[in-house]
Amino acid sequence: MVLVYLTALLFAQPVSDANAATPVVLRPVENLRTQDTPNDAGQSIDLSWKLSPDSARVKRYEVYRAQSAKGPFEKIVEFLVPTTAYTDADTLLRNKKDYYYRVDVVGELESRASCEIAGPVQTKPEWFNTNRIPVLVFALVYGLLLILYIEFAKRDREMFVRRIAGLDAIDEAVGRSTEMGKPILFSFGIGYLTDVATLAALSILRRVARRAAEYETRILVPNYDPIVMTAAQETVKQAFSEAGRPDLYQEGDITFLTADQFGYAAGVNGIMLREKPGTVFLQGVFYAEALILAETAHSVGAIQIAGTNMATQLPFFIAACDYTLIGEELFAASAYLDRDPQLLGSLKSEDIAKLITVGLIVVVSVVGTIGAVLTSISGESGILRSLTEFFNSGFERLVSFLTTS
Amino acid sequence: MKRTLPLIITFLAGVFVVVTFFIPREPFGSLEQRMLVWYSILGGFTLLLGIDSLIKHHTRKVARREKDWFYSLVTLFGLFGTLAAGIVTWAKYGTPLELASLNEVGGFFWVYKWIMVPLQGTMFALLAFFIASAAYRAFRARTFDATLLLIAAILVMIGRLSMGVVPATLVLAVLLVAAGIHRLLIRKPVFGAVLAALGVGLGVLVLAFPQDAIRLAPQVQEWLMSVPQTAARRGILIGVTLGTIAMSIRIILGIERTYISST
Amino acid sequence: MKFLKWLTNIDRRIIFLLMIGVVLVPMLFTIPIPFEVGEPVRKAFNAIDTLKPGSVIMFSVDYDATSYPECQPMIVAITNHAFRKDLRIILLGHIPTGLPLGQEAVERGAAEYNQNHEAEYQQAVEHAGEELDKYTAGYQEALKTAAAEFNQEYTLQHQETLDSLVFHYLEEVDSAAIKFQKHIFEYWKAVQYAGEEFNRHAAEYQKILKGDVREQNPGYVRILERAAAEYNKHITEYQEALEHAADQYLKRYGIDFVNLGYRPGMVPIIVGMGREIRDFYRQDYQNINVDSLPMMVGVHNYDDVAILASFAHGIQVETWIAFAGARFGQQIIGGVTGVVAPDLYPYLQSGQLAGFLGGLKGASEYESLIERKGLATRGMPAQSTAHILVIILIVIGSIAEFAMDLAERRRRR
Amino acid sequence: MNFSTILGIWIAATLTIAILSFLYRDNPLYKFAEHLYVGVSVAYWVIYAAKFTMEQMVVNVFADNWRVFLETGSATAFLEAWILVIPTALGFLMLTRWFGPRVGWLSRWPIAFTIGLGAGLGITGSIQGILLPQVQATFLPLWTPDLWQVVANLLLFVGVISTIIYFYFSRPHKGLLGGVSRVGITFIMVSFGAAFGYTVMSRVSLLIGRLYFLVYDWIVGTVDFFKALL
């Protein structure tokens with residue numbers, strides 16, 4: 001600003017004369033094409049062109065736009081490096097109006113050459129993004145499967161779900177605790193009732209509590225969250241009634257400890273050291289306290305049956321516990337035990353989707369493999385050659401089908 | 001009103017964003033954008049959700065002099081002290097996040113750096129100790145699965161060493177041999193023999209070519225991570241993602257309603 | 001047997017002490033260790049290293065103090081690398097208690113850069129000053145000659161007044177530049193103020209010059225003015241040199257990096273930024289409108305962001321991949337804790353992730369690539385000894401377990 | 001180093017040691033630090049919610065648009081300003097939870113809104129961002145001229161499929177299915193082992209960070225501070 005002022009204050013410099021040498025003739029860019037950008041909200045036009053044969057001498061490329069073939073053309077962008085495409089997404093562009101484009105090359109001494117004017121081209125918004133068809137197909141198929149199977153499950157609650165090893169171990173572990181005359185300890189970790197894993201753990205607790213009632217064994221459930229505690233009390237009470245032993249139910253065994261992570265771990269540790277449980281169930285949502293609990297349980301010689309969907313804690317559970325329900329196994333176990341149509345239906349439709357996925361991977365990979373093997377053995381021509389091309393292009397097409405943007 | 005309207009809102013909101021995903025045309029895009037902004041604003045309010053019960057819980061404890069009421073006082077002190085620090089810094093600099101407040105006792109950044117960071121950081125540093133003690137007292141290579149897991153774990157740990165590769169590998173060899181002998185003694189001769197042979201072989205090779213072992217360890221680690229580990233992880237990922245999608249569809253269709261009943 | 005029992009039931013506090021020991025001891029010595037750089041880190045490094053100067057790199061601070069020792073060296077190293085490559089940084093975060101860590105890293109990174117280049121900057125400034133002085137001397141000489149020629153002593157005096165005004169102005173600009181390196185707006189305000197002051201004085205001066213001299217001695221005024229115009233050009237050059245030096249040797253807030261602050265709700269923000277960053281971040285963390293930040297001019301969505309780097313201790317990198325990567329084709333690198341690193345390998349293989357730094361080792365590898373030893377490199381020896389301790393503990397524990405298992409079986413038989 | 005820094009370092013060191021004291025056993029010092037942590041971190045959320053949501057996304061946006069409306073009379077600006085009432089009102093409905101279940105059920109509306117949006121975004125995001133690309137990246141030819149690549153592709157192919165099959169629950173795992181899922185669990189164990197190793201690494205790093213602070217910032221820093229004083 002000051003400089004502007006200074007310049008105004010003191011006279012401007014006389015402009016030095018440009019050398020009036022003759023400009024070298026340049027050839028323009030070729031094959032300028034314009035197209036409405038596909039799959040967008042409009043207000044965007046794709047341009048593409050081929051470089052000028054003299055591209056080595058081109059200093060810059062300038063793109064012009066006009067609303068009529070006669071002009072006036074207005075420069076919208078310039079490139080200092082060889083460029084062959086541009087998307088004009090100027091917010092000034094209006095849908096359903098004609099536009100014309102021109103690309104100039106500028107060389108030494110401002111010599112320039114314009115290509116043929118391209119246009120008219122219109123830009124318009126699309127109703128459907130065709131790039132995303134695979135997503136739509138998958139969502140529809142999967143959603144349909146899901147609804148279908150939930151309906152099936154409502155009618156047929158005995159839908160098959162395979163038994164899971166950790167579940168088989170429940171009865172055995174409860175039995176062993178009884179033999180040794182020791183109580184059972186069940187921990188939900190530090191999850192809340194909104195966690196799916198906590199809900200799944202509740203159905204496992206129901207099973208455990210029922211067995212415990214049948215064997216007349218005490219079951220201790222120290223809790224991190226008061227709401228989960230209430231749910232656990234309900235569950236155990238109900239299970240004891242179902243087993244015909246409501247008299248054995250002791251509310252004092254299902255307690256609220258504390259709502260802080262390590263405080264909870266320390267509390268459960270204390271209970272384990274005092275009561276020396278014969279079996280410890282660690283089911284639900286676990287974070288860092290998993291290690292502390294598993295270690296103490298192991299040191300008091302308890303059988304441990306763990307289950308969580310927390311990927312970071314699973315390795316430790318597997319290394320330290322006798323049985324571990326891994327992620328989805330926990331949910332499958334609860335579907336198996338509870339026979340809730342929602343869970344069963346989801347499980348089934350997921351299984352179908354898994355089969356489809358596996359099938360897809362196998363088919364495409366086999367096609368790709370055949371193509372690759374043929375490529376390495378086939379010659380320049382002949383039937384083998386065309387077969388090779390068939391497989392290779394098929395593979396490419398199958399792979400690119402899943403590409404979305 | 002209490003149950004149906006939320007279900008309708010969920011359905012409409014969910015279907016809306018799914019539909020706009022496929023329709024590039026306006027006004028869907030800008031409407032979606034507005035919904036996303038609103039979502040973010042609501043997110044700010046959810047940050048405040050648990051505070052009432054926290055304050056109530058602790059003030060009650062302090063007021064009634066319940067057990068451990070002193071610690072509740074500490075929590076309240078931490079809460080209001082930090083709030084004050086934030087407000088003072090905010091008033092002074094126009095933003096609570098001003099690095100200059102690091103040099104002022106009681107500045108927001110100062111509280112962050114010298115109280116928040118050590119508390120949070122050390123809490124998780126405790127885990128290193130728990131891992132060490134669990135490693136010693138609880139992790140067992142008794143089953144095939146656990147053996148495999150521990151061997152992979154040790155290989156990965158060796159691959160991330162910057163020194164001591166040779167002794168660490170020898171320790172692994174010892175484990176393999178011991179596990180092999182154990183299996184042999186409990187009448188699992190094939191598995192036992194394989195493990196023991198692996199262990200002896202590994203030990204001999206490492207002693208014979210220590211330089212190559214040092215060079216190869218990170219490569220073995222990288223290969224383990226990028227091939228078998230990636231494969232299993234992807235399999236799990238695909239399963240978990242299918243589960244997430246199923247859950248989302250159930251929520252939108254109003255089949256899954258736990259989120260309503262739990263409020 | 002008794003020994004084994006004792007061995008496995010050893011007080012855990014002894015193990016805790018051992019752990020402290022193996023971490024503490026190597027920490028006290030600096031042990032230089034050469035090591036190889038893994039594939040994921042090299043890829044991440046290359047992705048950043050091959051960017052054009054001036055490209056925008058977006059940092060997402062998705063960790064907090066629970067992962068400070070792992071993620072902090074990463075963000076520090078990548079900041080350093082980015083500044084060296086003249087990239088511009090947009091900082092934002094999705095974890096409330098983590099954002100200050102990123103802010104500290106980037107601001108310290110800028111300060112470190114400025115400090116490292118302080119000598120060069122000063123030199124450039126001095127050089128520009130000397131260049132100007134050369135002309136000043138010549139200019140004043142010319143004026144003096146002219147004045148002598150026309151016997152116009154008093155105008156020379158006027159000219160000196162103008163000179164001193166100019167120099168006063170430039171001094172103001174200089175000191176503002178040094179004082180407000182970080183706060184570009186303060187800087188501009190100061191410059192503007194100095195300019196206004198100058199203009200006021202210059203206007204008075206002009207009045208005198210025009211009123212007194214022009215009528216008496218048009219020839220003299222012409223010489224004066226031509227000389228001044230020439231001089232003016234050099235002041236412009238000087239000014240440009242200063243600005244150029246600042247561009248080259250200083251990292252300034254608003255020009256080289258911005259901090260957009262925190263917004264709640266990760267997924268909606270990631271998706272929404274594909275359309276327009278300003279819809280969510282209308283202002284930066286200190287309430288400056290994003291539009292008035294020079295580096296944000298023309299930066300609207302992922303099309304204008306060359307690389308996104310998410311420093312994360314949870315699923316955040318995957319969220320970035322699923323939404324920004326898939327939907328908008330954003331190139332992404334990760335800087336993650338060891339716990340998260342295994343999760344990212346499938347994305348590296350599928351090409352959805354351009355590269356990543358996993359854990360302290362990953363950070364130290366990056367540090368070795370940019371040849372700047374930081375916290376990660378210094379922590380690596382302790383990391384190694386601790387690993388070895390854990391391995392030994394697992395092995396002893398397992399062997400004891402085997403022995404006790406055998407004893408148990410024998411007893412039962 | 002100035003006074004505020006050295007004071008901060010001492011406070012930080014005290015808190016660090018207070019938490020580490022849990023290793024000896026649960027004690028009042030640890031409890032103190034833990035309770036302090038809860039209070040401090042909640043205060044951060046409050047400040048952040050106030051600054052980055054209430055101020056920057058609501059108040060300032062409203063003010064900007066309102067100013068534009070006053071200056072130009074633009075109807076869009078007027079609307080843009082007042083439409084913010086909707087999310088703000090929803091936000092306050094969210095907070096009705098503070099006042100118990102009698103009015104708390106109102107919070108279901110905003111929660112339903114966010115859950116719905118989240119689920120909708122999750123469906124398309126998971127399919128487009130994770131499922132399709134991950135499946136696509138597993139489409140690998142099992143034959144290439146590079147033998148190592150063949151091994152890698154084969155393992156990837158077998159590993160992904162067998163892991164998926166392991167989590168297939170609709171058939172008993174016997175025969176072929178049993179064999180494949182056995183392979184699957186082997187891959188899973190290797191993967192968990194790797195995760196185990198990385199987690200150990202991660203946790204150790206955290207300890208290094210804290211001990212580094214104690215040694216260099218606290219002890220060395222204090223010594224330096226007093227050296228500088230003398």
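Chain naming here is simple, since letters A, B, ... match the order of the sequence lines and numbering starts at 1 in each.
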Original post:
Among L402(A), T375(A), V373(A), who wins on heavy-atom pairs under 4.5 Å with chain D?
Top reply: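 Winner by heavy-atom pair count: L402(A).
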Answer with side chain, backbone, both or neither: which region of [X] has an atom nearer than 4.5 Å to a non-hydrogen atom of chain D?
X: L360(A); answer: both
X: T403(A); answer: both
X: I318(A); answer: side chain
X: I370(A); answer: neither
X: R163(A); answer: neither
X: V363(A); answer: neither
X: F395(A); answer: side chain

Original post:
Do S334(A) and L199(A) come within less than 4.5 Å of each other through their side chains, counting heavy atoms only?
Top reply: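 A side-chain contact is absent here, since even the closest heavy-atom pair is not under 4.5 Å.
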Original post:
Taking the six-membered ring of F390(A), is NZ or CZ of R397(A) closer than 6.0 Å to its centre and within 45° of its axis?
Top reply: no
**OP:** Examine R97(D) relative to F99(D) and say whether NZ or CZ is less than 6.0 Å from the centre of the six-membered ring and inside a 45° cone about the ring axis.
**Re:** no
Original post:
Between T404(A) and N131(A), do the side chains contain an N or O donor and an N or O acceptor separated by less than 3.5 Å?
Top reply: no
Original post:
Who among F157(D), Y198(D), F22(D) has the most heavy-atom pairs with chain A under 4.5 Å?
Top reply: F157(D)
